[in-house]
Amino acid sequence: MASSVRVRFAPSPTGYLHVGGLRTALYNFLFARKNNGKFILRIEDTDRARYVDGAVEKLIDALHWAGIDYDEGPNKNGDVGPYIQSERLEIYRKHVEQLLQNGKAYHCFCASERLEQMRKEMEAKKVDVKYDRTCLKLSEQEIQNNIEKKIPFVVRMKIPEHRTIAFHDIVRGDVEFQSDLIDDQVLLKSDGFPTYHLAVVVDDHLMEISHVIRGEEWLSSVPKHLLLYEFFGWEVPQMAHLPLLLNPDKSKLSKRQGDVAVEDYRDKGYLKEALVNFVALLGWNPGTEQDIFSMEELIEQFSLERVHKSGAVFNLEKLNSLNATHLRKKSDEELLKILKDELAKSKFAGKHFADEYLLQVVTAMRERVTFVKDFIEQSSYFFEAPTAYDETAKAKNWKPETSYQLKLLTAEFSKLENPKKEDYEIALHKTAQQLQIGNGKLIHGVRLAISGVSGGPGLYDILSILGKEESMKRIYTAIETIK
RNA sequence: GGCGCUAUCGUCUAAUGGUUAGGACAAGGCCCUCUCAAGGCUUAAAUACGGGUUCGAGCCCCGUUAGCGCUACCA
């Protein structure tokens, strides 16, 4: 292999995995798998103020849940670790030292208050806001004195003047910036931690990253990074900047307008297959009319060239529909397993249901649910007798004569021995004939009596799942209860 | 404000100079039917605007507008 593909997902540990992050991670993962490359997870925790306990574990959990596993990263050391930036401080320090010696960077002792003041003034004067290079004029001696006096300092990048910085982005095409508009970016903070810009360049190079695939919010930072590659004399990886995920009002997807954490969707009962399928299609499609994908199919068909440029609204309706589709693709046995897990978390946790019984519920309901929890919420009557009767169904389907009709029906039911679905049907038809009414009349009443609602699986299915005893008991209860 | 990016049905998107501008979700209708679904069929729904280039523009160019991103010792 001439050039091997190595990509990375480099989130900062905020305590949860953002769905936009999931999409970025997924595209990186797909690209790596498709090209027999490596997918690396790197933790960008260079902001001590934002430290969140246990965040890395949560991140890894969420990724793993989604079916995105990394080849190198925390707890999976390759040759170029460590993969957590706070453990690489010495590496950054050395590189900053090199830049300092080459005159590509300089110490800055300006207090943040002064900088803030400066920016305000610049803004008022409507000139481009950037550092005024006060500290660039410091002599070697002054710098030494300041350091000895323990005045806090940062190290800034010295941006060259009058340069046009151009590069080719795989999804955006050719992009150009003028160096004169770029600020002398801080590379090393006063606490000794690197900023994103330094760390990302150093790590991407040291970790031999071939393609940088990340969100569009980084596009404006690319020229700084390019300059850094040049200062170090390093080869620049390929760039691909992904379109943003948007709120319904088209602003950048945010917490304020709904759930953004992968964990939220997981906890709400979304299937990983659906979430992955959904985010994959937010910004990419294979050009065919296929819209349901397994992870394998995504790997097979993914390409960066087909990622497009404009932002995509994160639309729940589509996700829901995808969830229902992926749910229906599962076998009864798989659904049984998930249903049992769900049941254990529900108010029916204390009750025992035989697998055989649950399997019948799955078969009856699988075409009617969007979420696994719908098995329980939409058809709770399989787990307990109705505790109430739907008012509109009552008004529509429960007439003064219904009690009498159902009594007649139960009489017919009581004659049945080990009835099957068909036996209930025959018995009901017989009763309807006797009463000289349509089957429908009877059916709706029975349905209400045994389920409490007006919708659901075929009546005879419900009857045979519930069984003769339970069904009759519920009919008696309804006769007594419904007025 | 400056810089950058973007612009096809309500939403996700297809069409990479020649199509009745296609599909999916959502919405409406019909079929099926004991109900609710599922499924099948079907209707409505888009090239932001203005100029070019071209025999021909959703596609190329310029401008306008709008949206978004960046403009931190945050990532």
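Naming: A, B, ... by sequence-line order, numbering from 1 per chain.
- Within 4.0 Å of A:V175, counting heavy atoms only, lie sugar-phosphate atoms of the nucleic acid but no base atom.
- Under the 30°/60° scheme for interplanar angles, the aromatic rings of A:H225 and A:H197 are found to be tilted.
- Here the separation of B:U42 from B:C25, taken at their P atoms, is 14 Å to the nearest Å.
- Nucleic acid contact for A:R214: none, since no nucleic acid atom lies under 4.0 Å from a heavy atom of the residue.
- Taking the charged nitrogens against the carboxylate oxygens, A:E97 and A:K94 have no contact shorter than 4.0 Å, which rules out a salt bridge.
- Listed here is the closest heavy atom pair of A:D204 and A:V212: OD2-CG2, 3.6 Å.
- When the C1' atom is used for both B:U6 and B:U47, the distance is 15 Å, rounded to whole Å.
- With a cut-off of 3.5 Å on both pairing distances, B:G58 has no Watson-Crick or G-U wobble partner at all.
- Rounded to an integer number of Å, the gap from A:K309 NZ to B:U8 P is 13 Å.
- B:C32 is unpaired under the Watson-Crick or G-U wobble criterion, no partner having all donor-acceptor distances under 3.5 Å.
- The residues A:R50 and A:D45 are annotated as not salt-bridged, no charged nitrogen and carboxylate oxygen being separated by less than 4.0 angstrom.
- No side-chain donor from either of A:H107 and A:N146 sits under 3.5 Å from a side-chain acceptor of the other.
- In this structure, CZ of A:F293 is placed 12 Å from C1' of B:C12, rounded to the nearest angstrom.
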Polar atom pairs (N or O), protein with nucleotides 36-38 of chain B, under 3.5 Å:
residue	atom	partner	partner atom	Å
B:C36	O2	A:R368	NH1	2.7
B:C36	O2	A:G456	O	3.3
B:C36	N3	A:R368	NH1	2.3
B:C36	N3	A:G456	O	3.4
B:A37	O2'	A:E367	O	2.6
B:A38	O4'	A:E367	O	3.4
B:A38	O2'	A:E367	OE1	2.7

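- For RNA chain B, none of the residues of residues 380-398 of chain A falls under the heavy-atom distance limit of 4.0 Å.
- A cation-pi arrangement is present between A:K373 and A:F371 under the rule of less than 6.0 angstrom and at most 45 degrees off the ring axis.
- Base pairing of B:G63 is made with B:C49, judged by Watson-Crick or G-U wobble geometry with both donor-acceptor distances under 3.5 Å.
- A gap of 29 Å separates the C1' atoms of B:G50 and B:C70, to the nearest Å.
- Applying the Watson-Crick and G-U wobble criteria (two distances, each under 3.5 Å), B:A44 pairs with nothing in any strand.
- Nucleotide B:A15 has no partner under the Watson-Crick or G-U criteria, as no pair reaches both atom distances under 3.5 Å.
- A:R447 comes within contact range of at least one nucleobase, with a heavy-atom separation under 4.0 Å.
- Using a cutoff of 4.0 Å between basic side-chain nitrogens and carboxylate oxygens, A:E273 and A:K330 are scored as salt-bridged.
- Here the two rings, on A:F153 and A:F109, have centers that are under 6.0 Å apart.
- Within the 4.0 angstrom heavy-atom criterion, no nucleotide atom of any strand lies near A:Q290.
- We find that A:D374 and A:R368 are not joined by a salt bridge, their nearest charged nitrogen and carboxylate oxygen being 4.0 Å or further apart.
- B:A48 sits 32 Å from B:G40 when the P atoms are compared, rounded to a whole Å.
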Got a list of protein N/O to nucleotides 40-50 of chain B N/O distances below 3.5 Å?
none

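- Residue-environment remark: NZ (A:K394) exceeds the threshold of 12 foreign heavy atoms within 6.0 Å.
- Going from atom OH of A:Y424 over to atom C1' of B:C34 covers 17 Å, rounded to whole Å.
- Residues A:W284 and A:F302 place their aromatic rings such that the two centres sit under 6.0 Å apart.
- Taking side-chain N and O atoms only, A:H308 has a distance below 4.0 Å to OP1 or OP2 of B:U13.
- Rounded to whole angstrom, the span from the CD atom of A:Q257 across to the P atom of B:U11 amounts to 15 Å.
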Quiz item: Taking protein heavy atoms under 4.0 Å as touching, what does nucleotides 65-75 of chain B look like 5' to 3' if B marks base contact, S marks sugar-phosphate-only contact and - marks none?
Solution: --SSBS-SBBB
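- B:A14 and B:U19 are spaced 12 Å apart, taking the C1' atom of each and rounding to whole Å.
- A centroid separation of less than 6.0 Å is found between the aromatic rings of A:Y196 and A:W218.
- B:A72 is unpaired under the Watson-Crick or G-U wobble criterion, no partner having all donor-acceptor distances under 3.5 Å.
- Two residues, A:D461 and A:F177, neighbour RNA chain B, and the one matched to the more 5' nucleotide by heavy-atom proximity is A:F177.
- The interatomic distance linking A:L322 (CG) with B:U13 (P) rounds to 13 Å, in whole Å.
- RNA chain B is contacted by both A:H444 and A:G283; A:G283 maps to the nucleotide lying nearer its 5′ end (nearest heavy atom per residue).
- Taking a pair to require two hydrogen-bonding distances under 3.5 Å in either a Watson-Crick or a G-U wobble arrangement, B:U8 remains unpaired.
- Rounding to whole angstrom units, CD of residue A:E176 and C1' of B:G2 are separated by 17 Å.
- Taking the P atoms as reference points, B:A57 lies 14 Å from B:G17, given to the whole Å.
- When A:Q185, A:H205, A:M157, A:H95 are each tested for a side-chain contact (heavy atoms from CB on, under 4.5 Å) with A:L228, only one passes: A:M157.
- Side-chain polar atoms of A:N247 and A:S254 form a donor-acceptor pair below 3.5 angstrom.
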Exercise. Spell out protein contact along nucleotides 20-32 of chain B as letters: B when the base is contacted, S when just the sugar-phosphate is, - when no protein heavy atom is under 4.0 Å; keep the 5' to 3' order.
Key: --SSBSS------
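- Within a 6.0 Å sphere centred on CD of A:Q98, other residues, nucleotides and ligands contribute more than 12 heavy atoms.
- Other residues, nucleotides and ligands contribute over 12 non-hydrogen atoms within 6.0 Å of the NZ atom of A:K130.
- B:U33 atom C1' lies 12 Å from atom OH of A:Y460, rounded to whole Å.
- Straight-line distance between the P atoms of B:C59 and B:G63: roughly 16 Å, to the nearest whole Å.
- B:U64 sits 13 Å from B:G4 when the P atoms are compared, rounded to a whole Å.
- Rounded to whole angstrom, the span from the CD atom of A:E305 across to the C1' atom of B:A14 amounts to 18 Å.
- A:F9 does not carry A:R42 over the face of its six-membered ring by the limits of under 6.0 Å from the centre and within 45° of the normal.
- Note: A:F278 and A:F314 meet the aromatic proximity criterion, with ring centroids under 6.0 Å apart.
- The side-chain contact (heavy atoms from CB on, under 4.5 Å) check on A:K399 picks up A:E401, A:T402, with sequence neighbours excluded.
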